[in-house]
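Everything on this sheet refers to the single structure shown next.
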Amino acid sequence: MQRGALSPVLMLSAAPEPPPRPPPALSPPGPGPGPRHGSARPGPAPEPSGALAAALDSSLRAAVAFKAEGQRCYREKKFREAIGKYHRALLQLKAAQGARPGGLPAPAPGPATSPGPARLSEEQRRLVENTEVECYDSLTACLLQSELVNYERVREYCLKVLEKQQGNFKATYRAGIAFYHLGDYARALRYLQEARSREPTDTNVLRYIQLTQLKMNRCSLQREDSGAGAPARDVVG
């Protein structure tokens, strides 16, 4: 080995050490990056199911109670009060179908920020539907007892009943009455004939069918008279 040359061991020890790596930069405090595509977005902690069930049960009980009060008022011939009770029952049914714990309002369109409405069981769904039908059916009975009958409302409520129960005789008959008084005799006759097919001997149905047919015949004669009496126009050649 030549004098002045360093040994390999000394050469290694004399080599400069690489500088230490700097620590990773800390991100500033604040919201982190958004969730990756496809990952579940964390939401608020769900409310206890007991709160939803309690809100739903409370609305259903109130609806049934208001309906019973409406029936009592109807029996006592307090038709205006009965109408108010049936409307309050329907509002409770609407609340039951969108029941939220603690009376929370429905969220605005966008990301979910509050728990969704309670899901009705099959038994509760039947209770809501039957109560709704009974309320609308009773509302039409009350309206028809008024001095000035709102036949547009009668028609509206009857059609709501028939959406749920197509075979409802009272709603079919009353829909025919409403269309008759609104001057839509063709539809009136259709509903009245449908009612007659279910109750062939009902005298009220038969009477309204006769009245409707008379109106239709008069309208037909008037159209013929107006057509015959119209002056002939000169044809310009």
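Y74 is listed as a side-chain neighbour of C142, based on a closest heavy-atom distance under 4.5 Å. Residues L139 and H87 meet the side-chain proximity criterion, which asks for heavy atoms closer than 4.5 Å. In this structure the side chain of Q71 reaches within 4.5 angstrom of the side chain of Y86, judged on heavy atoms. Using a 4.5 Å heavy-atom cutoff, the side chains of K67 and K85 are not in contact. No side-chain heavy atom of K164 sits less than 4.5 Å from a side-chain heavy atom of K160.
Paired with V154 under the rule side-chain contact (heavy atoms from CB on, under 4.5 Å), one option of L144, L159, L182, I177 passes, and it is L144.
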For the pair C219 and R223, evaluate side-chain contact (heavy atoms from CB on, under 4.5 Å) and give the outcome as yes or no after the intermediate values.
CA-CA 6 Å; C219 290; R223 285 194 299 268; 3.9 Å; yes

Using the salt bridge (charged side-chain N to carboxylate O under 4.0 Å, His left out) rule, take E194 and R190 through it: C-alpha gap first, then chi angles, then the decisive distance, then the call.
CA-CA 6 Å; E194 180 67 23; R190 188 182 73 187; over 6 Å; no

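Side-chain atoms of S146 come within 3.5 Å of backbone N or O of L143 as a donor-acceptor pair. Side chain of T131 to main chain of L127: a donor-acceptor pair is present (N/O by atom type, distance under 3.5 Å, no hydrogens or angles). Under a 3.5 Å cut-off, the side chain of S138 and the backbone N or O of E134 do form a donor-acceptor pair.
Sorted by first then second residue, the ring pair (Phe, Tyr, Trp, His ring centres under 6.0 Å) pairs that include residues 124-145, not counting sequence neighbours, are Y136-Y157.
Taking the charged nitrogens against the carboxylate oxygens, E122 and R125 do have a contact shorter than 4.0 Å, which makes a salt bridge. Between D137 and R174 there is a salt bridge, with a side-chain nitrogen of the basic residue lying less than 4.0 Å from a carboxylate oxygen of the acidic one.
Atom CD of Q166 has 12 or fewer heavy atoms from other residues, nucleotides or ligands within 6.0 Å.
Here Y185 and Y180 bring their ring centres to under 6.0 angstrom of each other. Remark: aromatic rings of Y191 and F179 are close, center separation under 6.0 Å.
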